[in-house]
Amino acid sequence: MNKIVDKEYYSDNVVRLEVEAPRIAKARRAGHFVIVKPDEKGERIPLTIATSDVKKGTITLVIQKVGVTSRKIANLNVGDHITDLVGPLGQATHIEKVGTVLMCGGGVGVAPLLPIVEAFKKAGNKVITILAARSKDLIILEDQMREHSDELIIMTDDGSYGTKGLVTEGMKRVMDREKVDLSVVIGPAIMMKFASLTTKEYNVPTYASLNTIMVDGTGMCGACRVTVGGKTKFVCIDGPEFDAHQVDFDEMLLRLSGYKEIEQKADQDYLDQHK
Amino acid sequence: MSVSKEFLKEERDQAWRNEIRKSLTAKERTSLARVHMNEVDAMERILSNVEVNTGLTAEQAQCEAKRCLDCIDPTCISGCPVEINIPKFIKRIEQGEFLEAAKTLKETSTLPAVCGRVCPQEKQCEAKCFYTLKLKKEPVAIGYLERFAADYERESGQISVPEKASANGIKVAVIGSGPAGLTCAGEMAKKGYSVTVFEALHEIGGVLKYGIPEFRLPNSIVDVEIDSLKKMGVEFETNFIVGKTSSFEELKEEGYQAFFTGSGAGLPRFMNLPGENYIGILSSNEYLTRVNLMHAADSLTDTPILRGKNVAIIGGGNTAMDSVRTAKRLGAERAMIIYRRSMDEMPARVEEIKHAQEEGIEFLTLTNPLEYFANDKGRVNKMRVQKMELGEPDASGRRRPVAIEGSEYDIDVDTVVVSVGVSPNPLIPNSLPQLEVTKWGTISVNEENLQSSIPEMFAGGDIVRGGATVILAMGDGRKAAAEMDKYFKSKK
Ligand SMILES: Cc1cc2nc3c(=O)[nH]c(=O)nc-3n(C[C@H](O)[C@H](O)[C@H](O)COP(=O)(O)OP(=O)(O)OC[C@H]3O[C@@H](n4cnc5c(N)ncnc54)[C@H](O)[C@@H]3O)c2cc1C
Ligand code: FES
């Protein structure tokens, strides 16, 4: 079970894994995630499902190496097995025909955005997609995104590819130019915060897919809680997508840093051991 | 379920029972003092996760068993949710037939080694003991004796594997591997069904594994029970969330003809106080899961844990007691219980409160949290509390705590564990719109037979009762199995 059948490096730090998981492949919809525990002593972390292949019975995960657990997962090779994999979890994205949609993906957030882009396109929307990253080598899934988008805009912080500038600048340009009916943003919390502030200025309804700390992913622990519209919500069962304009991103950013010191030390130890 | 008086009398009149009963006079028996449980010293045990209670020796157990008067009308049995034949198993211990004693326990209880450790005996069997009711003396230590017999059997390596009816080829699914699910699975396997248990987490055992700490219930004890289910042919699928990984319809297509849902009361409640989402404030489920399921305190595992210096636990139940004692073991200088009523109303088992006190846990009773404050990094550093007094009794019969005006003060804390109860896990109800639930979100069942609004689905344990007890969950699992069997027989 959970055998890795394909692996591809998008960059030094970003890896795509195709994993055998027939039941999850069949049950999952755009927006769903899984919880992965790489080995016996490992931690449970959430990863959004990028795509699945029902016939082959596989799901695809895109992992950026940011800490011990993501490194362990990204370092697995074809033929290896993930010890524990459970899902699909969370509420699926609500897909409908609304008109023009603006899809914004930052960093590895582009991976979970792909199935949503596909689904909105299929539902008959005009899809404008913005991919944003620090630099050219961090832009992933460009071809696949282009295939399912009416227009693809690439923004890099350093101008090494596409247009130089932040994701919000690209968003403004689109919204100045034409009427957007809905926006979906997925990426680092800080990017989602500013993207959400931007669409608010233009009164464009926006969904953000939140990537909080999780333990069980089934509603049992509350590690994933966020404040949405003044109420505490559990991302794993109420989300992961929420009305971005209602999300308290500052609180979420703080909570994400809750174990930072311990994690950084663990990561350094891991790197030292695997030099 | 009720054992008949005639049956109990018949058993009591057996020759061996008469003989042992007459070996001492009632006066001799009542003059004996209640045994003390052997324990690891408090200052030593807080340095590790060793089990606090070390059990009775055979000699101690036999001596305690002598105290039992083998009453004509054994009221203790009525205090036991699964009606263990208490005098019979105790007299077997007195007789020295410890394996027979264990067998008696297993006639009605599937997990005696667990229940002997975690049941609130002082509110159940021991509250109904003749010593408590009539003599106003300390009750017979029924819980200790239960544990003794079950441990003896396990350690002897002569665990009796229950007899199994021949396979009937009918596939049934059990959802959740807590005490309710494990019991139902065992009973169905005995009746010849082919049983698969589906568990959402990567470990089997439900709260017994992720919640109750090692120092109170070692995992190895639970594993022995799981192994014996495996030996009986029960299949386990971990990392499988029924309703998500596969739907009920799909499982039916795969041949499962009936379901037992024992999915527990997983969802932690918070109090919605200002600042409650600061870093360092977590639910007891998260705290205990990190330590017990993920082994976060072990430096070889990857899951992190916040080791607080000043740790406050909000609540007074078993979960609160387990959390505060865990905090102590993780090195807290101050580990505090903050509870809005007084010691007398505390719902935790008396023994846990006693152990906590010995371990240096502070009890701030009649105290309620109002608000949390944090440093510039968002880590909680202070909490404001208010003193309470007890007013009139409320619906639960306990005196309602009332705030004392102007009594607010602040306490320095760096970790807060919120342990104020759980709500039913909504995963199953959400994935089955036709399943009827109560306004609390628990699954509605016919109390007579534990059948839900979907005829082929039975349910029990915390998902039906809200946060309850291991023994009640176990009792439900057993009853549901009997009823499920009837359901199949009536369909034929
Ligand atoms: C810390 C703590 C201490 C306690 N101490 C005591 C004590 O001393 N004495 C006592 O009697 N009681 C105690 N209790 C209460 C007792 O543990 C519970 O009443 C009992 O475990 C309930 O059993 P259950 O089988 O209904 O559910 P649980 O033990 O909660 O098990 C339910 C299982 O179902 C799984 N599940 C849920 N949904 C799905 C799904 N869709 N698919 C697959 N699996 C699913 C869950 O992951 C879980 O493992 C304590 C509880 C806690 C949390
Ligand atoms: S991850 Fe535990 S409740 Fe969401």
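Chain A is the first sequence line, chain B the second, and so forth, proteins listed ahead of strands; every chain is numbered from 1.
- Most heavy-atom pairs under 4.5 Å with chain B: of the set Gly217(A), Gly222(A), Pro88(A), this distinction falls to Pro88(A).
- For residues 241-251 of chain A, a heavy-atom distance under 4.5 Å to chain B picks out Glu251(A), given by residue number.
- Proximity to chain B is limited to the side chain of Ile213(A), based on heavy atoms less than 4.5 angstrom apart.
- Counting heavy-atom pairs closer than 4.5 Å to chain B, the top residue among Thr218(A), Val68(A), Leu89(A) is Thr218(A).
- Side-chain contact between Leu201(B) and Met220(A): present, with at least one pair of heavy atoms (C-beta onward) separated by less than 4.5 Å.
- In this structure, the portions of His202(B) lying under 4.5 Å from any heavy atom of chain A include both its backbone and its side chain.
- Neither the backbone nor the side chain of Ile45(A) comes within contact range of chain B; no heavy atoms are under 4.5 Å apart.
- Interface remark: of the candidates Ala374(B), Gly266(B), Pro268(B), Gly378(B), Pro268(B) forms the most heavy-atom pairs closer than 4.5 Å to chain A.
- The OG1 atom of Thr303(B) sits 4.5 Å away from atom CD of Glu43(A), with the distance rounded to the nearest 0.5 Å.
- Neither the backbone nor the side chain of Tyr287(B) has a heavy atom closer than 4.5 Å to any heavy atom of chain A.
- Looking only at distances, no side-chain donor or acceptor of Lys377(B) sits under 3.5 Å from a matching main-chain atom of Leu254(A).
- In this structure, Met1(A) places its CE atom where only 12 or fewer heavy-atom neighbours from other residues, nucleotides or ligands lie under 6.0 Å away.
- Nearest heavy atoms, Arg290(B) versus Ala223(A): NH2-CB, 4.5 Å.
- Phe33(A) meets the ring pair (Phe, Tyr, Trp, His ring centres under 6.0 Å) test with no other residue; sequence neighbours excluded.
- Contact between Gly42(A) and Met294(B) at its shortest, heavy atoms only, is O-CE, 3.5 Å.
- Residue Asn430(B) does not touch chain A at all, counting heavy-atom pairs closer than 4.5 Å.
- In this structure, the portions of Arg44(A) lying under 4.5 Å from any heavy atom of chain B include both its backbone and its side chain.
- Here the side chains of Tyr210(B) and Cys221(A) are not in contact, with every heavy-atom distance at 4.5 Å or above.
- In this structure, chain A has a heavy atom under 4.5 Å from the side chain of Thr289(B), while its backbone stays farther away.
- In terms of heavy-atom pairs under 4.5 angstrom with chain A, the leader among Pro304(B), Ser423(B), Ser283(B) is Pro304(B).
- More than 12 heavy atoms of other shown residues, nucleotides or ligands fall within 6.0 angstrom of atom NZ in Lys7(A).
- For a heavy-atom cut-off of 4.5 Å, chain A lies close to Glu276(B), Asn277(B), Tyr278(B), Ile279(B), Ile281(B), Leu282(B) in residues 273-282 of chain B.
- The 12-atom threshold is not exceeded at CG of Asp12(A), counting heavy atoms of other residues, nucleotides or ligands nearer than 6.0 Å.
- How far CD1 of Ile237(A) is from CG of Asn425(B): 7.5 Å, rounded to the nearest 0.5 Å.
- Your options are Leu306(B), Leu293(B), Leu288(B), and the one with the most heavy-atom pairs under 4.5 Å with chain A is Leu306(B).
- Only the side chain of Leu427(B) comes within less than 4.5 Å of a heavy atom in chain A; its backbone stays farther off.
- Identified under the salt bridge (Lys or Arg N to Asp or Glu O under 4.0 Å) test for residues 69-86 of chain A, with sequence neighbours left out: Lys37(A)-Asp84(A), Asp39(A)-Lys72(A), Arg71(A)-Asp267(A), Lys72(A)-Asp302(B).
- Within the 4.5 Å cutoff, the side chain of Arg23(A) has no heavy atoms near those of the Glu250(B) side chain.
- Using a 4.5 Å cut-off between heavy atoms, Ile305(B) touches chain A through its backbone atoms (N, CA, C, O) alone.
- The number of heavy-atom neighbours closer than 6.0 Å to OH of Tyr207(A), taken from other residues, nucleotides and ligands shown, is 12 or below.
- When each of Val215(A), Ile24(A), Thr69(A) is scored by its heavy-atom pairs under 4.5 Å with chain B, the top score falls to Val215(A).
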